[in-house]
Amino acid sequence: DAEDLVDRIVKTNGDHVVQARMYCALLERYRRMAQRANRDLYRGETKRSIELAARLRDAFGDVDGPFGQMTMREYAERELYELTHLQVGQAAPETIGSDLAGKPMSLSEFRGKIVVLGFRWSAENDHIVSDLDELNGYFQETYPEKVAVIAVCDDVSRESALTKSKSIPMSFRSWHDGPDGPIKTQWNNRSWPCMHVIDAKGVIRFKSLRGLSETGPAVESLLTATR
């Protein structure tokens, strides 16, 4: 059992940093389980993840976080927000920014449609764009006005991202968030490419899906349920 192993290591190693790293690794394991679509099945892992994140925040906040750009306290607070506000079955938070052309863009604009939210792309790393374009083309043809595909761009330059979007050309809207921008932070996005699916009422239904093979069926299941 992973938790028993961590407890044994922590009890025999008094190093504050080592202890923090072990609890962090355990939290990462549980958070991946807690992200699964069947939330009821993993309710215990979600609860344990919250407990571990709170421990890291309160007892190890001064230790460097796992990604080198934040303290363990900052890391734990982001995890706690995701675990308590961004789980499957919870309302997606209002997300506000500007698109590639600099025009205001908000998640609530798409209320009433199933939303595929793609994280994240740049002019130099656009792997997710082709998948999102294919999804958008398919659903606009088969279920017009019922599905919206949108994305988050983390390119440093809005201009280069806009140029790239026109050269593809890109068929969906995207925020320009920049590196470590507020949307990436709000959604605690640490892996890419990935897609979240939000239903027409604004509730998160699927998280961290990979590619067309996972995202397409997820959207289809929501469309089928509303027929």
Side-chain angles (χ1 to χ4, degrees), residues 1-37 39 41-98 107 117-122 124-125 128 152-157 175-196 204 206-210:
D1 180 82
E3 187 147 3
D4 287 341
L5 176 61
V6 168
D7 284 339
R8 288 198 300 270
I9 293 173
V10 168
K11 287 176 181 178
T12 57
N13 192 314
D15 188 294
H16 193 60
V17 174
V18 171
Q19 292 177 345
R21 292 282 181 265
M22 295 306 298
Y23 283 128
C24 185
L26 190 60
L27 171 58
E28 286 292 313
R29 179 177 185 272
Y30 281 138
R31 83 183 288 278
R32 285 192 294 270
M33 298 173 73
Q35 283 181 345
R36 303 293 178 84
R39 190 164 177 258
L41 183 62
Y42 293 96
R43 193 176 298 277
E45 282 75 7
T46 300
K47 180 181 178 182
R48 189 65 183 121
S49 296
I50 292 171
E51 294 170 350
L52 286 165
R55 179 183 292 185
L56 285 168
R57 178 197 61 195
D58 298 339
F60 302 96
D62 58 324
V63 175
D64 287 341
F67 308 107
Q69 297 178 334
M70 64 184 79
T71 65
M72 194 65 78
R73 179 175 292 105
E74 292 169 319
Y75 161 77
E77 286 174 346
R78 291 188 185 188
E79 293 300 303
L80 281 168
Y81 180 81
E82 179 176 359
L83 288 161
T84 55
H85 292 83
L86 297 174
Q87 292 302 294
V88 169
Q90 295 180 318
E94 174 63 308
T95 304
I96 299 172
S98 57
L107 183 59
L117 173 58
F119 282 94
R120 45 197 157 96
W121 69 277
S122 69
E124 299 299 323
N125 185 6
I128 195 174
V152 179
C153 174
D154 65 354
D155 207 308
V156 173
S157 168
W175 282 285
H176 178 259
D177 196 40
D180 298 313
I183 297 174
K184 174 189 170 184
T185 300
Q186 179 184 28
W187 283 84
N188 197 30
N189 174 252
R190 295 195 276 104
S191 64
W192 71 95
C194 73
M195 306 178 200
H196 305 326
I204 301 168
F206 300 89
K207 286 186 65 180
S208 302
L209 302 178
R210 305 282 182 174

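Heads up: numbering here begins at 1 and tracks the sequence.
Of the inter-residue distances, the one linking Cys24 atom SG with Arg55 atom CZ reads 13.0 Å to the nearest 0.5 angstrom. Here the CG-CG distance, from Leu27 to Leu52, works out to 5.5 Å after rounding to the nearest 0.5 Å. Taking CG of Leu26 as the reference point, atom OH of Tyr30 lies at 5.0 Å (rounded to 0.5 Å). In this structure, Trp175 CH2 and Cys153 SG are separated by 12.5 Å, a value rounded to the nearest 0.5 Å. To the nearest 0.5 angstrom, Cys194 atom SG is 8.5 Å from Arg120 atom CZ. Note: Arg78 CZ to Asn189 CG = 10.5 Å, rounded to the nearest 0.5 Å.
Asp62 is not listed as a side-chain neighbour of Thr71, based on a closest heavy-atom distance of 4.5 Å or more. The side-chain heavy atoms of Val152 and Trp192, taken from C-beta on, include no pair separated by under 4.5 Å. You'll find the side chain of Tyr23 reaches within 4.5 Å of the side chain of Val10, heavy atoms only. Side-chain contact between Arg210 and Met195 is absent, with no heavy-atom pair separated by less than 4.5 Å. Using a 4.5 Å heavy-atom threshold, the side chains of His85 and Pro93 count as separate.
The two residues Glu82 and Asn188 make their nearest non-hydrogen contact at OE1-ND2, 2.6 Å. Between Asp15 and Val18, the shortest heavy-atom contact is OD1-N, 3.0 Å. Residues Arg21 and Gly65 come closest through the heavy atom pair NH2-O, 4.1 Å. The heavy-atom pair separating Met72 from Ala20 by the smallest distance is CE-CB, 4.0 Å. Gln87 approaches Leu83 most closely through the heavy-atom pair CG-O, 3.2 Å. A pairwise comparison of heavy atoms in Asp154 and Ser122 identifies OD1-CB, 3.6 Å as the closest pair.
Note on Lys184 versus Asp177: no salt bridge recorded, every NZ/NE/NH1/NH2 to OD/OE distance being 4.0 Å or above. Using a cut-off of 4.0 Å between Lys/Arg side-chain N and Asp/Glu carboxylate O, Glu79 and Arg190 are scored as salt-bridged. Salt bridge Arg48/Glu45: absent, no basic N to carboxylate O contact under 4.0 Å.
Remark: Glu94 CD is packed, more than 12 non-hydrogen atoms of other residues, nucleotides or ligands lying under 6.0 Å away.
Counting only distance, with no hydrogens or angles, the side chain of His196 and the backbone of Gly118 share no donor-acceptor pair below 3.5 Å. At distances below 3.5 Å, at least one donor-acceptor pair connects side-chain atoms of His176 with backbone N or O atoms of Asp155. At least one donor-acceptor pair closer than 3.5 Å links the side chain of Gln19 to the backbone N or O of Asn13.
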